[in-house]
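In what follows, chains are A, B, ... by sequence order, proteins preceding strands, each numbered from 1.
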Protein chains: 2
Amino acid sequence: MKRITITDVAKMCGVGVTTVSRAINNHPDINEETKSMIMQVIKDNHYIPNNSARNLKRADSKTIAVLIKGITNPFFNQMIKVFEEEIQRKKYSFFLQRVDENQDEIDVAIELEKEKRLKGIVFLGGYFSHSKEKLTQLSVPFVLSTIGMATEFTPSDYSSVSVDDLKESYKIVDYLCNQGHKKIAIIAAPMDDVSIGKLRYDGYKKALEDHGIDLDLQLVRIMKDDIESYTMENGYVVTKELLASKEDCTAIYAISDSLAIGACKAIFETGKKVPEDYSVAGFDGLDIGFYYNPSITTMRQPVKEIAEETIKVLFDLINKKISHTHKIFPAELVVRDSTKSL
Amino acid sequence: MKRITITDVAKMCGVGVTTVSRAINNHPDINEETKSMIMQVIKDNHYIPNNSARNLKRADSKTIAVLIKGITNPFFNQMIKVFEEEIQRKKYSFFLQRVDENQDEIDVAIELEKEKRLKGIVFLGGYFSHSKEKLTQLSVPFVLSTIGMATEFTPSDYSSVSVDDLKESYKIVDYLCNQGHKKIAIIAAPMDDVSIGKLRYDGYKKALEDHGIDLDLQLVRIMKDDIESYTMENGYVVTKELLASKEDCTAIYAISDSLAIGACKAIFETGKKVPEDYSVAGFDGLDIGFYYNPSITTMRQPVKEIAEETIKVLFDLINKKISHTHKIFPAELVVRDSTKSL
DNA sequence: TTGTAAGCGTTATCAA
DNA sequence: TTGATAACGCTTACAA
């Protein structure tokens, strides 16, 4: 099956390629009749323009790319939907690009920017520890969404929209303490995580401190790095170990809802109950936390608002209305059935 | 920031563009020294080739695209991982393209095929009710993965790898019947679903029939079409209605695990228990089914095997080793805690 | 081992 | 309102 090009279409119609191009791209300077004639021929012959050629020639393209690291993370599911809606509402097209766990998202972004003549980029997931020099290689506006950064980084190099992971993490641990828990284990990220993993852990430490509870390193359990991070499986394996160690604790704070669910399963398997024997709390506000039995106490991130604001900031950046900004949304403590007061 | 092209690099290096191209593409006919010199210049200046130009010029490209409809479906998560591994093992590159719920996947495929000079395509999700004429517009090999088709369709137009949805669905309902259940409700797909939704429903009907149980339309509950299909929320809402209708039943068969979990939640909310008051069974074999409380009885699809075979079939097609084939894998009945015998 | 030059399929410029 | 024609940035004969 030979490929049919714009030239072929032009010949069939007995017009020049320019005219065909005009018809395709809804240019004004074209006779309505010739246009509809051309469109008919195109339809009949199933002609589809080659995007590579278009992108090559075009100077810009009204597309926003969303780069997402860890596409399996259910937390991103709802966000993607909102991104798509918002971007299309602005009459831009939306392009979702998965980036591999061990790929550099900036490299991917630069490549894509050239290929698709992007107007803007949203980064989702990952740690995002890049040098300023690297960042400046991106010549289109970009926004980090729900990628909390340790504050030592100078925030003037990029824009972001997220919750204050440290503060919100503090809140839920604070809640646990107020319920009378003193021995609170945490399922945390490996220490090389300088992003949300570190921030949530810091919030945990600070809350304990403020309640006069000494940090017990035996209760700090790190996700396995040979299992995908933040997953149910990881929470399950880590909690099994914790339980087996006979370490004394009344509550487990998992830094994601998925981890929390894995923790619950591990608890059930040892014949114990949630929350009767152990209170379990998560973070994120995933749907499954509501459907789980018991439903999971968590900090709910306002995903919809975050996603909407991300796009708003991005377009403000594109339209040069603003310089770099950092929007922080509050999370909400959702108390459900997986925690009890002592 | 001016864009830097291959010509710029060539000038900087004092060589021709061909030589630079050779360096980039690991061509053999190039002096090692000039090559490393060029690569150094490229690195220093952060030159990144424009993919649109490459794709435009290249005749073919060793890329396989996976088009997926309903990317939020957790069932696809594991498959994607396997696809990526397998494709990279064959030294091809992997491209994941999301297709919108109301987009025509064939159109997307054709466009992409031109743009990226694809070697092959995998379709995941959706109903895939396309005419033969439409199918022939695709000029590269493709395979439908886990997209069961009603058998009236002539299978000589495409290849597929999946389970026998009708047969496996029959098995789990048969199991329920053997456990003494006679009033088995089903959470099924809308009747315009001619794919797995219909097949699984047909399996249910056949199993009941073989057990001499009359089909009770009051127990056939259809997913809401204003809620995303096959989701926990949908199962939850539908089950709430079922329960409120006071219809008599002892078991609920949901045609996906996510639906089953939603069903459980609805049951809990009315103060009833699973499996004591209602047995609940799902389909797919999602991880969450294991972690849920109670763990969910389900038909586990061998996702890894299916994904691997999909790629194998695709490459056989590409290498012209075979003509269209349809591989069927057996699913496995996994009895867990959400069902009991009467 | 290297370089020149001809496309790949579009869109944009400019003249008709 | 139309149509040549020149790019866009790259790969690849072909020639050197």
Side-chain angles (χ1 to χ4, degrees), chain A residues 1-39 41-42 45-63 110-118 139, chain B residues 1-39 41-42 45-63 110-118 139:
Chain A
M1 181 169 166
K2 223 194 117 292
R3 287 195 169 86
I4 150 168
T5 73
I6 198 173
T7 321
D8 300 327
V9 176
K11 274 180 199 145
M12 287 169 175
C13 297
V15 299
V17 286
T18 318
T19 312
V20 178
S21 177
R22 282 196 184 97
I24 299 170
N25 296 291
N26 279 102
H27 274 267
D29 289 347
I30 184 171
N31 183 303
E32 270 307 322
E33 275 174 42
T34 44
K35 176 168 171 178
S36 59
M37 182 267 281
I38 291 170
M39 292 315 278
V41 173
I42 285 177
N45 294 277
H46 311 295
Y47 164 69
I48 293 185
N50 182 315
N51 270 323
S52 288
R54 299 182 109 168
N55 291 330
L56 181 56
K57 182 62 199 179
R58 274 206 269 253
D60 64 332
S61 76
K62 296 193 72 156
T63 34
I110 296 172
E111 193 177 325
L112 208 59
E113 182 196 319
K114 292 201 178 194
E115 179 176 344
K116 303 266 185 195
R117 313 288 191 195
L118 299 181
S139 45
Chain B
M1 182 170 166
K2 222 193 118 292
R3 287 199 169 85
I4 149 169
T5 74
I6 197 172
T7 323
D8 300 326
V9 175
K11 273 180 198 146
M12 286 170 174
C13 298
V15 300
V17 287
T18 316
T19 313
V20 178
S21 177
R22 282 197 184 96
I24 299 169
N25 296 292
N26 282 102
H27 273 266
D29 289 348
I30 185 171
N31 183 301
E32 269 307 321
E33 275 174 43
T34 44
K35 175 168 172 178
S36 58
M37 182 267 281
I38 291 170
M39 292 314 278
V41 172
I42 285 177
N45 294 276
H46 311 295
Y47 164 68
I48 293 186
N50 182 314
N51 269 324
S52 288
R54 299 182 109 169
N55 291 330
L56 182 56
K57 181 62 198 177
R58 275 206 268 253
D60 64 333
S61 76
K62 296 193 76 157
T63 42
I110 296 172
E111 194 176 326
L112 208 60
E113 181 196 320
K114 292 200 177 193
E115 177 176 345
K116 303 265 185 196
R117 314 288 193 194
L118 299 181
S139 45

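The CD1 atom of B:Ile4 sits 9 Å away from the P atom of D:dC10 (whole-angstrom rounding). Taking atom CD1 of A:Ile24 as the reference point, atom C1' of C:dT11 lies 10 Å away to the nearest angstrom. Taking atom NZ on A:Lys114 and atom P on D:dC10, their separation rounds to 7 Å, with Å as the unit. A:Asn55 places its CG atom 11 Å from the C1' atom of D:dC8, with the value rounded to the nearest Å. Distance A:Glu115 CD to D:dC8 P: 19 Å, rounded to the nearest Å. What separates OH of B:Tyr47 from C1' of D:dG9 is a distance of 7 Å, to the nearest Å. Nucleotide C:dG9 holds its P atom 9 Å from the CG atom of A:Asp8, rounded to whole Å. In this structure, B:Arg58 atom CZ and C:dA6 atom P are separated by 22 Å, rounded to whole Å.
In this structure, B:Asn25 reaches the D:dT11 phosphate: one of its side-chain N or O atoms is under 4.0 Å from OP1 or OP2. A close approach under 4.0 Å does not occur between any side-chain nitrogen or oxygen of B:His27 and OP1 or OP2 of C:dT1. Remark: B:Thr19 is in phosphate contact with C:dG3, judged by side-chain N or O atoms under 4.0 Å from OP1 or OP2.
In this structure, the nucleotide among D:dT11, C:dC8, D:dT5 sitting nearest to the side chain of B:Arg54 is D:dT11. Of all nucleotides listed (C:dG3, D:dT2, C:dG9), D:dT2 comes nearest to the side chain of A:Asn31. When each of C:dG3, D:dA4, C:dT11 is scored by its nearest atom to the side-chain atoms of A:Lys57, the top-ranked nucleotide is C:dT11. The side chain of B:Ile6 sits closest to D:dC10 out of D:dG9, C:dT10, D:dC10. When each of C:dG9, D:dA13, C:dT11 is scored by its nearest atom to the side-chain atoms of B:Thr18, the top-ranked nucleotide is D:dA13. Taking only side-chain atoms of B:Pro49, from C-beta outward, the nucleotide of C:dG3, D:dC10, D:dG3 with the closest atom is D:dC10.
Put simply, the side chain of A:Lys116 never gets that close to the backbone of A:Thr63: no donor and acceptor are under 3.5 Å apart. Under the 3.5 Å distance criterion, the side-chain polar atoms of A:Asn45 are left unmatched by any main-chain donor or acceptor of A:Tyr47. The closest donor-acceptor contact from the side chain of B:Asn25 to the backbone of B:His27 lies at 3.5 Å or more, if one exists at all.
B:Thr34 comes within contact range of the sugar-phosphate backbone alone, with a heavy-atom separation under 4.0 Å but no base atom that close. Across all strands shown, B:Asn50 has heavy atoms under 4.0 Å from sugar-phosphate atoms exclusively, and none from any base. Residue A:Asp29 is classed as a base contact, given a heavy-atom separation below 4.0 Å to a base.
Taking CD1 from A:Ile6 and OG1 from A:Thr18, the interatomic distance works out to 8.0 Å, rounded to the nearest 0.5 Å.
Nearest-nucleotide assignment on DNA chain C puts the 5′-proximal partner with B:Val17, out of A:Ser52 and B:Val17. Nearer to the 5' terminus of DNA chain C, by closest-nucleotide assignment, is the contact made by B:Val15 (compared with the other of B:Val15 and A:Val20).
For a distance-only test at 3.5 Å, the side chain of A:Ser21 fails to qualify as a donor-acceptor partner of the base of C:dA12. Residue B:Arg22 places a side-chain atom within donor-acceptor reach of the base of C:dT2, judged by atom type and a 3.5 Å distance cut-off alone.
Using a 4.5 Å heavy-atom cutoff, the side chains of A:Glu115 and B:Asn55 are in contact. No side-chain heavy atom of B:Lys11 sits under 4.5 Å from any side-chain heavy atom of B:Val20.
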